[in-house]
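Within every chain, numbering begins at 1; the chains are lettered A, B, ... in the order of the sequence lines, protein sequences first and strands thereafter. We use all heavy atoms of the structure for the numbers below, so side chains are in, but hydrogens, waters and symmetry mates are not.
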Amino acid sequence: MSVRLRYAPSPTGHLHIGGARTALFNYLFAKHHGGAFILRIEDTDLDRNVESAAQEFADNLRWLGIEWDEGAFSGGDYGPYVSTERLDIYRRHVDELRDKGMVYECYCSEDELAVQREELLARGEMVRYSGRCRHLSKEEREARIREGRKPTVRFRVMDDEPVAFTDLIRGDMIFEPQGIGGDFVVVKSNGIPVYNFAVVVDDHLMNITHVVRGEEHISNTPRQLLLFKAFGWTAPVFGHVPLILGADGKKLSKRDESIIQFIDQYREYGYLPEAIFNFLALLGWTPGGEREIFSRDELITAFGLNRVNRSGAFFDAAKLAWMNGHYLRNHSAEELLPLARRFLEPAVAGWQTPVNDAWMIEFIALYKDQVSCLSELPVVGSVLVSDSVSVEADARETLENEHASTVLDAFVKLAHAWTDWTPDGMKSLLKDVQTVTGKKGKELFFPVRAAITGRLHGPDLNRSLALLGRTRVLDRLGKALAVSGARPVL
RNA sequence: GGCCCCAUGGUCAAGCGGUUAAGACACCGCCCUUUCACGGCGGGAACAGGGGUUCGAAUCCCCUUGGGGUCACCA
């Protein structure tokens, strides 16, 4: 039988790196085994559902290159793929358990439950439901209904034997019946099933063979296993992946602002999906060996749950930045243009002469090797992209130096008549300046660079000059000359 | 607190009884370069502690310590 895995988020916010990583592991595992990857929306918590969140999940998953074979927003043979569209399915299954006497209505209020919980917690015991409504008589039930109480439906936990399963990542797991927490709620008082119930029904009906999810779900597993058993179904195989940790060493909280953790944010900063894909795959999993740059197909080929780590992993944004830079360097400026355009166009919006694609490609080529994301392009290249450039202290010092004025004066005079403003042309121009002034090396290049960019460091000077163009170069040289004072040699 | 999970450098991690304990990110130094960046070379930096088992433990077992997850009518 072919393998089927799913990613089943609840649409309560943005896709974050933890969720993306879970989706990715499911995807990689499914594809590795030639099986199906499914996207299901688990929206049983009506209060927390966020409009358009599901759509946003789908968009970001697609952007990352994590495509699903069936599921929400694309359909398939096992739909619907959204919990709230499956309510009647759940209802039928609750009825089935009720007929078997395996569930019962519970009329305890949330306040009453809270009091019991506090008591148990204070006593240091595992919180478990008392079973108070387990054996209510018909009269007692009717009395409660008359009080206006809306019941939940609880699953009757028979605490006679431990629940065990073999986790694909952690090995054998055994839960003593006491550790399950007593009869648990399966349908909320609003008639909507609880996640733990819905996933079981959905996973079975959708023929899910492997459930790969975060470690925080470990304690849910025995309850779900009990449900599978109650229905007489074969449970899927489980694999619990380690948590992604924040700087504090705790499970990454969506409210933790010390770290950028939403996929759409990385998208905004101009990260490449393939870099995030690669990075996330290696967070908590390793193919072994020393390599760490892998294409999507290579990851699919290499992936396996057996090499997933068991301990939590700190999310190292600096390494992601490095990896993204690596991918940037491996793309040509032409390839990057469509992605970089939205960052560059606003940056040059104030320019009198409109910049064309060729200009932007050359600009990208000049700077792409030193940035870690596309949004940094206009920042590192600000001296070429802005019309008001400040002169840094060391650059000013250079300009005030004696030979600077000599070089600049010669440059200006030659430049006025110069027609070839290409990088090669600029090379010849500088050569001529060298010939005329006798200055070379740093004495030649530093003053020119300082004059046109206001700083001593930057990318290739010839190309920078060509990009700036005649008008701007002449304009900036004029201003620089005012600083250094003319010492003509021509 | 109960239940459960985890433990190699600052971080990601290789290692599965015998290694000088890989590699990458970050950091530092040198080289390349007109400069910066890229790149190359080099450096500092780790097996939480204690008991076993064994000729021999980072590797296997136990305990301690530390960290984490979870205890909802949330997922």
Side-chain angles (χ1 to χ4, degrees), chain A residues 8-12 42-45 47-48 83 106 108-110 113-114 117 120-129 150-154 167 169-170 173-176 178-182 184-196 198-199 213-222 240 242-243 245 247-251 279 282-293 307 309-323 325-326 329 366-371 380 394 430 440-450 453 455-461:
Chain A
S10 63
T12 56
E42 213 75 49
D43 60 346
T44 50
D45 188 344
D47 298 332
R48 293 209 309 161
S83 293
C106 168
C108 297
S109 71
E110 292 195 60
L113 258 16
R117 186 160 50 234
L120 287 166
L121 229 33
R123 240 185 295 151
E125 286 176 43
M126 167 114 194
V127 176
R128 64 201 316 276
Y129 175 61
K150 289 257 192 296
T152 59
V153 178
R154 279 183 191 272
D167 190 282
I169 294 162
R170 279 148 218 281
M173 308 272 269
I174 299 174
F175 288 83
E176 293 306 320
Q178 297 77 15
I180 288 168
F184 55 90
V185 172
V186 122
V187 181
K188 304 180 230 184
S189 56
N190 65 359
I192 310 285
V194 127
Y195 158 85
N196 267 131
V199 268
R213 52 175 21 167
E215 188 186 322
E216 72 268 28
H217 283 284
I218 289 179
S219 56
N220 280 325
T221 310
H240 290 94
L243 265 17
L245 279 17
D248 55 359
K250 295 193 169 130
K251 178 169 106 172
F279 181 78
L282 261 31
L283 192 58
W285 171 77
T286 169
E290 297 181 2
R291 201 146 77 93
E292 39 202 330
I293 300 296
R307 290 193 72 97
N309 262 273
R310 279 177 297 271
S311 48
F314 172 77
F315 179 77
D316 189 357
K319 187 157 184 178
L320 204 211
W322 163 79
M323 193 175 279
H326 178 89
R329 271 166 242 133
L366 217 43
Y367 285 106
K368 76 181 182 62
D369 288 355
Q370 61 175 289
V371 297
V380 296
D394 53 356
L430 281 166
K440 58 179 184 175
K442 291 185 181 180
E443 292 195 337
L444 171 65
F445 293 107
F446 270 159
V448 176
R449 185 185 290 286
T453 68
R455 42 221 69 182
L456 257 22
H457 309 303
D460 187 87
L461 187 55

### Ion pair check, A:Asp45 and A:Arg48, cut-off under 4.0 Å
yes
### Query
Rounding to a whole Å, what distance do you find between A:Asp248:CG and B:G68:P?
8 Å
### Query
Quick one: do the A:Glu42 and A:Ser83 side chains pair a donor with an acceptor below 3.5 Å?
yes
### Query
So do A:Ile169 and A:Arg310 actually touch side chain to side chain, heavy atoms under 4.5 Å?
yes
### Query
So which nucleotide from B:A22, B:A37, B:A75 ends up closest to the side chain of A:Glu216?
B:A75
### Query
Within the pair A:Arg117 and B:A72, is there a side-chain N or O less than 4.0 Å away from OP1 or OP2?
yes
### Message
So, OP1 or OP2 of B:G67: does either fall under 4.0 Å of a side-chain N or O from A:Lys251?
### Response
no
### Query
Expressed as a whole number of Å, how far does the C1' atom of B:C16 sit from that of B:U8?
14 Å
### Query
With a 4.0 Å cut-off on heavy atoms, is A:Thr44 in touch with a base, just the backbone sugar-phosphate, or nothing at all?
sugar-phosphate
### Message
Distance to the ring centre below 6.0 angstrom and angle to the axis at most 45 degrees; does that hold for A:Arg154 and A:Phe184?
### Response
no
### Query
To the nearest angstrom, how far is A:Asp460 atom CG from B:C36 atom P?
14 Å
### Query
Which nucleotide, in any strand shown, forms a Watson-Crick or G-U wobble pair with B:C12, with both distances under 3.5 Å?
B:G23
### Task
Map A:Ala8 and A:Gly181 onto RNA chain B by nearest heavy atom, then report which one ends up closer to the 5' terminus.
A:Gly181
#### Entry: Distance between P atoms of B:C63 and B:U70 (Å, rounded)
25 Å
### Message
Testing the 3.5 Å rule here: is there a donor-acceptor pair between the side chains of A:Arg213 and A:His240?
### Response
yes
### Task
Check every atom of B:A75, B:U70, B:C73 against the side chain of A:Ser219 and return the nucleotide holding the closest atom.
B:U70
### Message
So A:Arg449, base contact, sugar-phosphate only, or nothing? Heavy-atom distance under 4.0 Å.
### Response
base
#### Entry: Distance, rounded to the nearest Å, where A:Arg213 contributes CZ and B:U70 contributes P
13 Å
Could you pull out the protein-nucleic contacts involving nucleotides 12-14 of chain B (nitrogen or oxygen on both sides, under 3.5 Å)?
unit_1 : atom_1 : unit_2   : atom_2 : d
B:C12  : OP1    : A:Phe314 : N      : 2.8
B:A13  : OP1    : A:Gly284 : N      : 2.8
B:A14  : O3'    : A:Arg307 : NH2    : 3.3

#### Entry: Which atom of A:Glu292 lies closest to which atom of A:Leu282, heavy atoms considered
O-CD2, 3.3 Å
### Summary
When rounded to whole Å, the CZ to P distance for the pair A:Phe184 and B:A75 reads 13 Å
### Query
Distance between the P atoms of B:G1 and B:G43, in whole angstroms?
46 Å
#### Entry: With A:Val194, the side chain to side chain contact (heavy atoms under 4.5 Å, CB included) member among A:Val187, A:Val186, A:Val185
A:Val185
### Task
Name the pairing partner of B:C41, where a pair is Watson-Crick or G-U wobble with both distances under 3.5 Å, or state none.
B:G29
### Query
Between atom CE in A:Met323 and atom P in B:A24, what is the gap in whole Å?
13 Å
### Query
In whole angstroms, how far is the P atom of B:C25 from the CD atom of A:Glu290?
12 Å
### Query
Want to settle it: does A:Ile169 or A:His326 sit nearer the 5' end of RNA chain B, counting the closest nucleotide to each?
A:Ile169
### Summary
Whole-Å distance, A:Tyr367 OH to B:C38 C1', equals 14 Å
### Summary
Shortest non-hydrogen pair, A:Pro242 vs A:Ser311, comes out as CB-O, 3.2 Å
### Query
Can you find an N or O donor on one side and an acceptor on the other, under 3.5 Å apart, linking the side chain of A:Arg48 with the base of B:C74?
yes
### Summary
pair_partner(B:A48), Watson-Crick or wobble, both distances < 3.5 Å, evaluates to B:U64
### Query
With a non-hydrogen cut-off below 4.0 angstrom, is A:His240 in contact with a base, only sugar-phosphate, or nothing?
nothing
### Check: A:His326 ring centroid to A:Phe279 ring centroid under 6.0 Å
no
### Query
If we call it a pair only when both distances are under 3.5 Å in a Watson-Crick or G-U wobble match, what pairs with B:U70?
B:G2
### Message
Nearest whole Å is fine: how far is B:C6 P from A:Asp167 CG?
### Response
9 Å
#### Entry: Nearest-neighbour nucleotide for the A:Ile218 side chain, B:A75, B:C4, B:A22 considered
B:C4
#### Entry: A:Asn220 vs A:Ile218 side-chain heavy atoms within contact, under 4.5 Å
no
### Query
Between B:G23 and B:C60, how far is it from one C1' atom to the other, in whole Å?
27 Å
### Query
Of the nucleotides B:G68, B:C5, B:U34, which has the atom closest to the A:Met173 side chain?
B:C5
### Task
Decide, yes or no, whether a salt bridge links A:Arg170 with A:Glu215 under the criterion of side-chain N to carboxylate O below 4.0 Å.
yes
### Message
Taking any heavy-atom pair under 4.0 Å as a contact, classify A:Glu110: base, sugar-phosphate, or nothing.
### Response
base
### Task
Assign A:Leu243 to base, sugar-phosphate, or nothing according to its heavy-atom contacts below 4.0 angstrom with the strands shown.
sugar-phosphate
### Query
Of all the choices, B:C3, B:C6, B:A75, which nucleotide is nearest to the side chain of A:Phe175 once you look at every atom?
B:C3
### Query
When you compare B:A72 with B:G15, how far apart are their P atoms, in angstrom units rounded to a whole number?
39 Å
### Query
Between B:U34, B:A24, B:C4, which nucleotide gets closest to the side-chain atoms of A:Trp322?
B:A24
### Task
Could you measure between the two C1' atoms, the one in B:G50 and the one in B:G9, and give it in whole Å?
23 Å
### Task
Provide the Watson-Crick or G-U wobble partner of B:G18, both distances under 3.5 Å; none if there is no partner.
B:C55
### Query
What does A:Gly458 touch in the nucleic acid at a heavy-atom separation under 4.0 angstrom: a base, only the sugar-phosphate, or nothing?
base
### Query
Looking only at N and O atoms, is any donor in the side chain of A:Thr152 or the base of B:C73 less than 3.5 Å from an acceptor on the other one?
no
### Query
Of the candidate nucleotides B:G69, B:U34, B:A37, which contains the atom at the shortest distance from the side chain of A:Phe446?
B:U34
### Query
Say you pick atom C1' in B:C61 and the same atom in B:G42; how far apart are they, in whole Å?
42 Å
### Query
How is A:Arg154 classified with respect to the nucleic acid when contacts are heavy atoms under 4.0 Å: base, sugar-phosphate, or nothing?
sugar-phosphate
### Message
Using OP1 and OP2 only, check whether a side-chain N or O of A:Lys368 sits under 4.0 Å from B:C38.
### Response
no
### Message
What's the closest nucleotide to the side chain of A:Val185 if the choices are B:U34, B:C73, B:C38?
### Response
B:C73
### Closest nucleotide among B:U34, B:C38, B:G68 to the A:Lys442 side chain
B:U34
### Summary
In this structure, SG of A:Cys108 is separated from CG of A:Leu113 (nearest 0.5 Å) by 5.5 Å
### Message
Using atom C1' in both nucleotides, what's the gap between B:G29 and B:U20 to the nearest angstrom?
### Response
23 Å
